[in-house]
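Here is the structure we will look at.
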Amino acid sequence: MILLGLNIDHCATVRQARYREAPATVGGAIEPDPVTLALLGERAGADGITVHLREDRRHIQERDVWRLRESITTRLNLEMACTPEMTAFALKLKPATVCLVPENRQEVSTEGGLDVVGQRARVKAVIEAMTDAGIQTSLFIDPDEAQIDLAAKLRAPIVELHTGAYANAYFTPGRAREFNALRLGCVRAHELGLTVNAGHGINYVNIAEVRTLPHLHELNIGHSIISRALFTGIEEAVRELKARMNP
Ligand code: PXP
């Protein structure tokens, strides 16, 4: 069984599009609420909830994260930049896992994977701080051997392989090459004892192939499920994707 981590960032994107300036006291008038979405998603079979608290707070807010921490019954996975501010926040929050991602203020959503090789000391310090606090660290990296090997060496328990390049190449001749890179990355990470997750750009179409990657533990999926939910509601959108993940 491949597990589903439901990324709810884009529910908050829609809320912020209208209510960015509204004070929290507007209360019940503010919609859509990502916490309610998370609870419905769990009810439909999501195995965990993922949010990215970005440094610019463009979608998920700190208050959302604390409310999720109090109310969800599965696991909270906090995606975050590898910074002292976010490390301090995560140590207070104590989610089940943190996923270290690169952050670039111009990007619409996360682009390339984290450069563990280029920021070895920073990444190592965060992994150690999290491990001491009982929080597992996942590194969101490209399916690149040097990055995977270093993730294992730094004792990150989990890697999330970036499926974005594959998803972008899906309808092009480059798809087979990108898929093969992911396949080799999964094998390598598994051989080194890492838990293998994957995410970014996974949808109701490419899931048929993504699910055949070896050793997959969990897929983190956001945009396609939130988009589908506009038409079917979140519960049906989650159930449908889970059915395609594990037919
Ligand atoms: N995994 C990571 C690390 C991400 O940053 C994101 C969002 O950009 C996702 C998975 C989910 O990607 P998507 O919204 O395309 O499903």
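We number each residue from 1, following the sequence as shown.
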Heavy-atom pair of closest approach, residues Ala167 and Asn206: CB-ND2, 3.9 Å
Does Leu4 offer a backbone N or O that forms a donor-acceptor pair with the side chain of Asp47 under 3.5 Å? yes
Residue among Asp9, Asn7, Asn77 satisfying side-chain hydrogen bond (donor to acceptor under 3.5 Å, both in side chains) with Thr50: Asn77
What verdict does the side chain to side chain contact (heavy atoms under 4.5 Å, CB included) test give for Leu213 and Phe179, after you've listed the backbone C-alpha separation in whole Å, the side-chain angles of each residue and the deciding distance to 0.1 Å? CA-CA 8 Å; Leu213 286 167; Phe179 186 75; 3.6 Å; yes
Short N-O contact, Arg15 and Glu31, less than 4.0 angstrom: no
Of the non-hydrogen atoms in Pro143 and Ala181, which two are nearest, and what is the gap between them? CB-O, 3.5 Å
Could you tell me whether Arg228 sits above the aromatic face of Tyr204, with NZ or CZ closer than 6.0 angstrom to the six-membered ring centre and within 45 degrees of the axis? yes
Answer with yes or no whether the hydrophobic clustering places Ile49 together with Leu37; edges join I, L, V, M, F, W, Y residues whose side-chain heavy atoms lie under 4.5 Å apart. yes
To the nearest 0.5 Å, tell me how far Ile127 CD1 sits from Arg122 CZ. 13.0 Å
Criterion salt bridge (Lys or Arg N to Asp or Glu O under 4.0 Å) on Glu218 and Arg75, from CA distance to verdict: CA-CA 12 Å; Glu218 183 166 84; Arg75 286 170 292 111; 2.6 Å; yes
Looking at Arg57 and Glu85, does any basic side-chain N land under 4.0 Å from a carboxylate oxygen? yes
I'd like to know if the side chain of Ser224 and the backbone of Ile202 have a donor-acceptor N/O pair within less than 3.5 Å. yes
Is it the case that the side chain of Arg188 and the backbone of Glu145 share a donor-acceptor pair, with hydrogens and angles ignored and the cut-off at 3.5 Å? no
Should Ile8 and Phe89 be counted in the same cluster of Ile, Leu, Val, Met, Phe, Trp and Tyr side chains packed under 4.5 Å apart? yes
CZ/Arg155: more than 12 non-hydrogen atoms of other groups inside 6.0 Å: no
Verdict with supporting geometry, Glu178 and Arg175, salt bridge (Lys or Arg N to Asp or Glu O under 4.0 Å): CA-CA 5 Å; Glu178 298 296 345; Arg175 164 176 161 190; over 6 Å; no
If you measure from OG on Ser227 to NE2 on His10, what distance do you get to the nearest 0.5 Å? 8.0 Å
Between Ser71 and Val35, the two heavy atoms sitting closest are OG-CG1, 3.4 Å
Please determine which of Asp33, Ile72, Thr74 meets the side chain to side chain contact (heavy atoms under 4.5 Å, CB included) test together with Leu39. Ile72
Checking the side chain of Arg69 only, and the main-chain atoms of Leu93 only, is there a donor and an acceptor separated by less than 3.5 Å? yes
Looking only at heavy atoms, the pair that brings Ala156 and Leu194 closest together is O-CD2, 2.8 Å
Any donor-acceptor pair under 3.5 Å linking the side chain of Thr163 with the backbone of Gly199? yes
Where does the angle between the aromatic ring planes of His215 and His190 fall among parallel (under 30°), tilted (30 to 60°) and perpendicular (over 60°)? parallel
Using 30° and 60° as the class limits, which term best fits the ring planes of His200 and His162: parallel, tilted or perpendicular? tilted
So does Ala165 get a backbone contact from the side chain of Asn168, meaning a donor-acceptor N/O pair under 3.5 Å? no
Crowded around His217 NE2? As in, over 12 foreign heavy atoms under 6.0 Å? yes
Please evaluate residues Gln136 and Ile158 with respect to the criterion side chain to side chain contact (heavy atoms under 4.5 Å, CB included), reporting the C-alpha separation (whole Å), side-chain torsions for both, the decisive distance (0.1 Å), and the verdict. CA-CA 8 Å; Gln136 288 199 304; Ile158 310 167; 3.7 Å; yes
Can you check whether Val117's main-chain N or O pairs, donor with acceptor, with Gln147's side chain at less than 3.5 Å? yes
Measure from the side-chain N and O atoms of Lys242 to the backbone N and O of Gly45, and report whether any donor-acceptor pair falls under 3.5 Å. yes
